[in-house]
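Values below: all heavy atoms of this structure, side chains included; hydrogens, waters and symmetry mates excluded. Atoms within each ligand, like the ligands themselves, are counted from 1 in listed order. None of these values were measured; they are calculated from a predicted model. Residue indices begin at 1 and follow the sequence shown.
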Amino acid sequence: MRFWFIVGSQLMYGEQTIKEVEANAIEMAKFLAAKLPFPLDYKGVVLSNEGAVKLIKEANFDGDCAGIVTFCHTFSPSKMWVNALGLLQKPWCHLHTQYNLEIPDSIDMDYMNLHQSAHGDREHGYIGSRMGLPRKVIAGHWKDESVLERLGKWQRACVGALFSRTLKVSRFGDNMREVAVTDGDKVGAQMKFGWQVNYVPVGALVETMASLTPGDVSAKIEEYREKYDFDGADLEAISYQAKEEIAIQSLLDQDGSLAFTNTFQDLYGLRQLPGLATQNLMSKGYGFGAEGDWKTAALTAIVKKMASDSSFMEDYTYDLKNGLSLGAHMLEVCPSIAAGRPKIEVRPLSIGNREPPARLIFEGKAGKALVLTLLDLGGRFRLITQDIQCVEPTQKMPQLPVARVMWKPLPSLEVGAECWIMAGGGHHTVLSYGLDAETARDWARALGLEVLHIGSQTTAQGFEREILWSETLWRNP
Ligand code: MN
């Protein structure tokens with residue numbers, strides 16, 4: 001994945017100015033490329049309508065190009081950009097910067113002709129707004145740490161958007177019976193996000209498991225031994241999870257699928273609901289959604305692509321006295337968010353009518369995090385994000401046999417929950433330590449997706465208004 005750095009100017013200032021623009025731009029691209037998480041390639045100075053159209057067509061066609069960054073070093077008349085921007089199919093970041101940090105005492109008219117982004121970028125901004133084009137605007141000096149950080153986050157969001165377009169989701173079994181929020185329009189999701197969501201029979205999993213050799217299983221057990229603690233007495237149950245994991249991964253890899261779902265209501269021919277198997281697969285970047293929740297499975301895979309310390313999650317129960325939410329799932333929480341070394345335990349599951357499954361048990365890390373959920377509102381999708389502060393659990397909870405995370409939702413448990421519920425947010429989420437709300441918004445913008453954010457400044461009254469405005473817009477985008 002690469003990014004293109006395109007600099008705006010025009011022929012009016014003469015050859016010498018354009019040469020300087022070019023030299024400055026090359027230096028800037030080189031510096032930025034060394035600091036950013038993904039490469040940024042200098043692609044030239046745009047001087048004409050034809051030049052702009054040619055570059056944008058090339059960017060669209062290049063499968064490796066995840067987005068373009070533009071900067072108008074001098075004034076670059078916007079009518080020159082209209083045809084090109086009308087064709088743009090890649091995410092766009094308008095970097096409003098300036099080659100020099102300060103105004104030199106030697107400033108003269110040559111300097112004024114060269115260092116014009118203060119007004120050149122305003123012309124550039126106007127045409128973006130006039131054409132109603134989604135773009136990220138970042139202002140500040142190009143060497144500034146916060147500019148670099150935000151540009152890097154935007155890059156990660158673009159990579160997430162490009163990844164989304166190629167994502168395949170495998171569904172072992174259907175959606176949990178009667179549940180609304182985890183269901184949705186798969187064709188609509190493919191149109192919006194590019195996801196190919198397909199059904200895989202549970203029988204295929206059972207057959208693949210039966211074809212495995214003892215060597216396959218012992219190699220997987222060795223992998224578990226390196227990463228997790230467990231009791232030798234549980235080896236048989238753990239071996240069963242090892243088989244499930246190998247078989248699930250094999251079927252996913254055959255289809256090029258990087259996310260999957262299953263449901264405890266369709267375990268035909270299986271002795272255990274995949275627990276450890278799912279957790280270990282998630283730690284390798286595979287997305288997962290329980291109870292057939294293919295939207296959250298896809299979202300988990302995408303968020304993990306942007307920030308690996310992320311997991312499928314569910315709001316489970318509250319500590320209302322202390323304003324805390326306890327997040328967990330009956331099995332499937334990713335060990336990438338664990339505070340310490342996880343242990344494998346074999347404990348009964350009160351639903352699903354199968355043998356006690358082996359699962360990883362651990363506590364989540366303390367620290368700032370984000371929860372995200374994706375809803376299908378009928379003909380359109382909505383992303384809701386919320387800032388949370390994960391804390392060390394206030395209790396030991398020795399009888400709770402699942403991985404868990406405790407957090408303080410912002411602005412508070414009550415206001416956060418009121419807002420979340422008013423916006424229609426469900427119980428399944430993706431919890432991420434590495435992704436913040438700005439990056440999630442950049443990702444949503446790149447896909448043309450509605451996003452509502454709940455943070456420290458959110459009030460229930462203001463948020464209710466925001467939902468109304470947002471609905472008015474997104475019902476007829
Ligand atoms: Mn669930």
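The closest side-chain donor-acceptor pair between D174 and Y199, if any, does not fall under 3.5 angstrom. Under 3.5 Å, the side chains of D436 and T439 contain a donor-acceptor pair of N or O atoms.
Rounding to 10 degrees gives 90° for the angle at the Mn ion (ligand 1) between NE2 of H329 and OE1 of E314.
The Mn ion (ligand 1) lies closest to atom OE1 when only the N/O/S atoms of E291 are considered.
With a cut-off of 2.8 Å, the Mn ion (ligand 1) has an N, O or S atom of H428 in range. Taking 2.8 Å as the criterion, D293 does not count as a coordinating residue of the Mn ion (ligand 1), since none of its N, O or S atoms falls below it.
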If you apply the rule side-chain hydrogen bond (donor to acceptor under 3.5 Å, both in side chains), what do you find for D293 with T261, and how did you get there?
CA-CA 6 Å; D293 185 351; T261 68; over 6 Å; no
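You'll find the ring centres of F3 and W154 inside the 6.0 Å limit.
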